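Okay, so here's the structure we're looking at.
Computation of the quantities below employed the complete heavy-atom set of this structure, encompassing side-chain atoms and omitting hydrogens, waters and symmetry-equivalent molecules. It should be emphasised that the depicted structure is a prediction, and the values quoted were computed from it without experimental measurement.
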Amino acid sequence: QVELGESGGGLVQAGGTLRLSCVASGNAFAITATGWYRQVPGKERELVARLTSSGNKNYADSVRGRFTISGDNAKNTVYLQMNNLQPEDTAVYYCKAEISYLGVVQHEFWGQGTQVTVSS
């Protein structure tokens, strides 16, 4: 079992920055990938950025060049640095941890979400 706690959301003006944090507890040592997702009402949750335990990163096209995902293994924490935020980035942001075996995701764990609101 893995528990995730997100923080760092808030209200910011367009062009501003925020940094989200996702702290893992429990069996955090078993996590093979951590991702940030976001969701707005009426739409499906979408991947924003993902970081694997081997250091591979991938980003949604809409945030590439503006957002950066990084991790601190000593703190069991993954960050999402969000620069040049735009109103279309407004959403609830969720952290997800994956535990995979031989390349197949066995377990997924979600945080409670943190609201990011960007005003124009």
(message) So that I know where these two stand, are Trp110 and Tyr37 an aromatic pair - ring centroids less than 6.0 Å apart?
(response) yes
(message) On the six-membered ring of Tyr94, is Arg45 placed so that its NZ or CZ lies under 6.0 angstrom from the centre and within 45° of the ring axis?
(response) yes
(request) Kindly compute the distance separating CG (Leu80) from CZ (Arg38), expressed to the nearest 0.5 Å. (result) 9.5 Å
(message) Once rounded to the nearest 0.5 Å, what's the spacing between atom CG of Asn84 and atom CG of Asp89?
(response) 8.5 Å
(message) Test your reading of the model: is there a side-chain donor-acceptor pair from Tyr59 to the backbone of Ile69, 3.5 Å cut-off?
(response) yes
(message) Using side-chain contact (heavy atoms from CB on, under 4.5 Å), reason through Phe67 and Leu85 one step at a time and then give a plain yes or no.
(response) CA-CA 9 Å; Phe67 291 11; Leu85 282 158; 3.7 Å; yes
(request) Kindly give the heavy-atom pair with the smallest separation between Gly8 and Leu18, and that separation in Å. (result) O-CD2, 3.8 Å
(message) Does Leu20 form a side-chain contact (heavy atoms from CB on, under 4.5 Å) with Gln81? I'd like the steps, not just the answer.
(response) CA-CA 6 Å; Leu20 306 183; Gln81 178 67 41; over 6 Å; no
(message) Can you tell me how far apart CG (Leu11) and CD (Gln13) are? Round to the nearest 0.5 Å.
(response) 8.0 Å
(message) Quick check: closest heavy atoms across Gly71 and Leu51, and the distance to 0.1 Å?
(response) N-CD2, 3.7 Å
(request) Starting at CD of Glu98, measure out to CD1 of Ile31 and round the result to the nearest 0.5 Å. (result) 10.0 Å
(request) Could I get the full list of side-chain contact (heavy atoms from CB on, under 4.5 Å) partners for Gln115, not counting sequence neighbours? (result) Thr90, Val92, Thr117
(message) For the backbone of Ala60 and the side chain of Ser62, can you confirm whether one donor and one acceptor N or O come within less than 3.5 Å of each other?
(response) no
(request) With the side chain counted from C-beta on, respond yes when Thr52 and Thr32 share a heavy-atom pair under 4.5 Å apart, and no when they do not. (result) no
(request) Let me see the working for Leu4 and Gln112 under side-chain contact (heavy atoms from CB on, under 4.5 Å), right down to the final yes or no. (result) CA-CA 8 Å; Leu4 301 172; Gln112 79 285 358; 6.0 Å; no
(request) With Arg19 as the cation and Tyr79 as the aromatic partner, state whether NZ or CZ is under 6.0 Å from the six-membered ring centre and within 45° of the axis. (result) yes
(request) Check Trp36 against Cys22 and note the closest heavy-atom contact, atom names and distance. (result) CZ2-CB, 3.5 Å
(message) Could you report the tightest heavy-atom contact between Val40 and Ala91, atom names first, then the distance?
(response) CG1-CB, 3.6 Å
(message) Checking the side chain of Lys96 only, and the main-chain atoms of Glu108 only, is there a donor and an acceptor separated by less than 3.5 Å?
(response) no
(request) Taking the side chain as every heavy atom from C-beta outward, state whether Phe109 and Gln1 have any pair of such atoms under 4.5 Å apart. (result) yes
(message) Please check this pair: side chain of Glu6 against backbone of Cys95, looking for a donor-acceptor N/O pair closer than 3.5 Å.
(response) yes
(request) Starting from the C-alpha separation in whole Å, work towards a yes-or-no answer on side-chain contact (heavy atoms from CB on, under 4.5 Å) for Val23 and Val78. (result) CA-CA 7 Å; Val23 181; Val78 172; over 6 Å; no
(message) I need the minimum non-hydrogen distance between Gly15 and Gln86, along with the two atoms involved.
(response) N-NE2, 4.0 Å
(message) Rounded to the nearest 0.5 Å, what separates atom CZ in Arg64 from atom NZ in Lys57?
(response) 13.0 Å
(request) Work out which heavy atom in Leu47 is nearest to a heavy atom in Ala49; give both atom names and the distance. (result) CD1-O, 3.5 Å
(message) Using a 3.5 Å distance criterion without hydrogens, assess whether the side chain of Thr17 forms a donor-acceptor pair with backbone atoms of Asn83.
(response) no
(message) Does Asn27, at its CG atom, have more than 12 non-hydrogen atoms belonging to other residues, nucleotides or ligands within less than 6.0 Å?
(response) yes
